[in-house]
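Structure record follows, encoded as structure tokens.
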Amino acid sequence: MTHEAGAGFDQRVWQAVALIPGGQLATYGQIAELIGAWGCARQVGWALRRLPLPSAVPWHRVVNARGCIAMTPSREGSDWIQRELLLAEGIPVDPAGRLPLARYRWRPGASCGVAIADVAP
DNA sequence: TAGGTGACGGACC
DNA sequence: CGGTCCGCCACCT
């Protein structure tokens, strides 16, 4: 049933994204690696594109490794909504869609104990 | 069936 | 810093 296999991938992506704590960020490659699909970051993007909105899944917490929101006309404004949602969670986003990814990066498993060295400006 | 595309990532200039 | 090119893999025409 290859047909179900594809749908299962989407569900797996959404479930992994749902694990992202509020106020933190994750990359497409990070989600892909989390579900055991290393190198399939692009497919994670497809899965989120197929996500019906509105959704309880915090899809807005997923950005690319460059630390910026993917701005493309294909999303018909969902990219702009993502920026608004991130701002509502206290994450500063530049007009260009760029944000301090290194500072809000989600670390699976390291929920306790701030092991991240404080990046002093 | 073949070719182009993209909500990606990394290397290169 | 930013712009460009290549590799990757599922989706669409």
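All figures in this text were calculated on a predicted structure; none of them were measured in a lab. Every chain is numbered from 1 and lettered A, B, ... according to where its sequence line falls, protein lines coming before strand lines.
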Open item on the list: Other members of the hydrophobic cluster containing A:Leu86, with the 4.5 Å side-chain heavy-atom rule, please.
Closed with: A:Leu25, A:Val63, A:Ile69, A:Met71, A:Trp80, A:Leu87, A:Ile91, A:Val93, A:Leu99, A:Leu101, A:Tyr104
Scan nucleotides 4-8 of chain C against the protein and return all N/O pairs shorter than 3.5 Å with their distances rounded to 0.1 Å.
| from | atom 1 | to | atom 2 | distance (Å) |
| --- | --- | --- | --- | --- |
| C:dC8 | N3 | A:Arg42 | NH1 | 3.1 |

Task: Heavy-atom neighbours of A:Glu76 CD exceed 12 at 6.0 Å - done: no
How close or far is atom [atom2] of [N] from atom [atom1] of [X], stated in whole angstroms?
| X | N | atom1 | atom2 | value |
| --- | --- | --- | --- | --- |
| A:Trp38 | C:dA10 | CH2 | C1' | 18 Å |
| A:Met71 | B:dC8 | CE | P | 12 Å |
| A:Arg75 | B:dC8 | CZ | C1' | 13 Å |
| A:Ile69 | B:dC8 | CD1 | P | 12 Å |
| A:Asp79 | B:dC8 | CG | P | 11 Å |
| A:Arg49 | B:dC8 | CZ | P | 12 Å |
| A:Arg50 | B:dA7 | CZ | P | 14 Å |

Close N or O pairs between protein and nucleotides 3-5 of chain B (under 3.5 Å):
none

TODO: Measure from the side-chain N and O atoms of A:Gln82 to the backbone N and O of A:Val62, and report whether any donor-acceptor pair falls under 3.5 Å.
DONE: yes
Task: Short side-chain to backbone donor-acceptor contact, A:Asp10 and A:Val13, under 3.5 Å - done: no
- [ ] Under 4.0 Å from any atom of DNA chain B, heavy atoms only: list the residues of residues 16-37 of chain A that qualify, in numerical order.
- [x] A:Thr27, A:Tyr28, A:Gly29
Open item on the list: Can you list, in residue-number order, the parts of residues 86-99 of chain A that come under 4.0 Å of DNA chain B, counting heavy atoms only?
Closed with: none
Atom pairs and distances, side-chain donor-acceptor, residues 29-38 of chain A, under 3.5 Å, sequence neighbours left out:
| from | atom 1 | to | atom 2 | distance (Å) |
| --- | --- | --- | --- | --- |
| A:Gln30 | OE1 | A:Thr27 | N | 3.3 |
| A:Gln30 | OE1 | A:Arg105 | NH1 | 3.2 |
| A:Gln30 | NE2 | A:Trp106 | O | 2.7 |

Of the non-hydrogen atoms in [X] and [Y], which two are nearest, and what is the gap between them?
| X | Y | answer |
| --- | --- | --- |
| A:Pro92 | A:Pro100 | O-CD, 3.3 Å |
| A:Tyr28 | A:Leu48 | CE2-CD1, 3.7 Å |
| A:Ile20 | A:Ala26 | CD1-CB, 3.6 Å |

TODO: Between B:dA7, B:dG9, B:dG6, spot the one nearest the side chain of A:Gln43, thanks.
DONE: B:dG6
Task: Pairs meeting criterion salt bridge (Lys or Arg N to Asp or Glu O under 4.0 Å) with involvement of residues 51-75 of chain A, two or more places apart - done: A:Arg61-A:Glu89
Open item on the list: Tell me every residue that passes side chain to side chain donor-acceptor pair (under 3.5 Å) with A:Ser55, counting only those two or more places apart in sequence or in another chain.
Closed with: none
Task: Test side-chain contact (heavy atoms from CB on, under 4.5 Å) applied to A:Trp46 - qualifying residues, sequence neighbours left out - done: A:Gln43, A:Arg49
TODO: Using the test side-chain contact (heavy atoms from CB on, under 4.5 Å), find all partners of A:Leu85 that sit at least two apart in sequence or belong to another chain.
DONE: A:Trp59, A:His60, A:Ile81
Task: CH2-CZ distance between A:Trp14 and A:Arg50, expressed to the nearest 0.5 angstrom - done: 8.0 Å
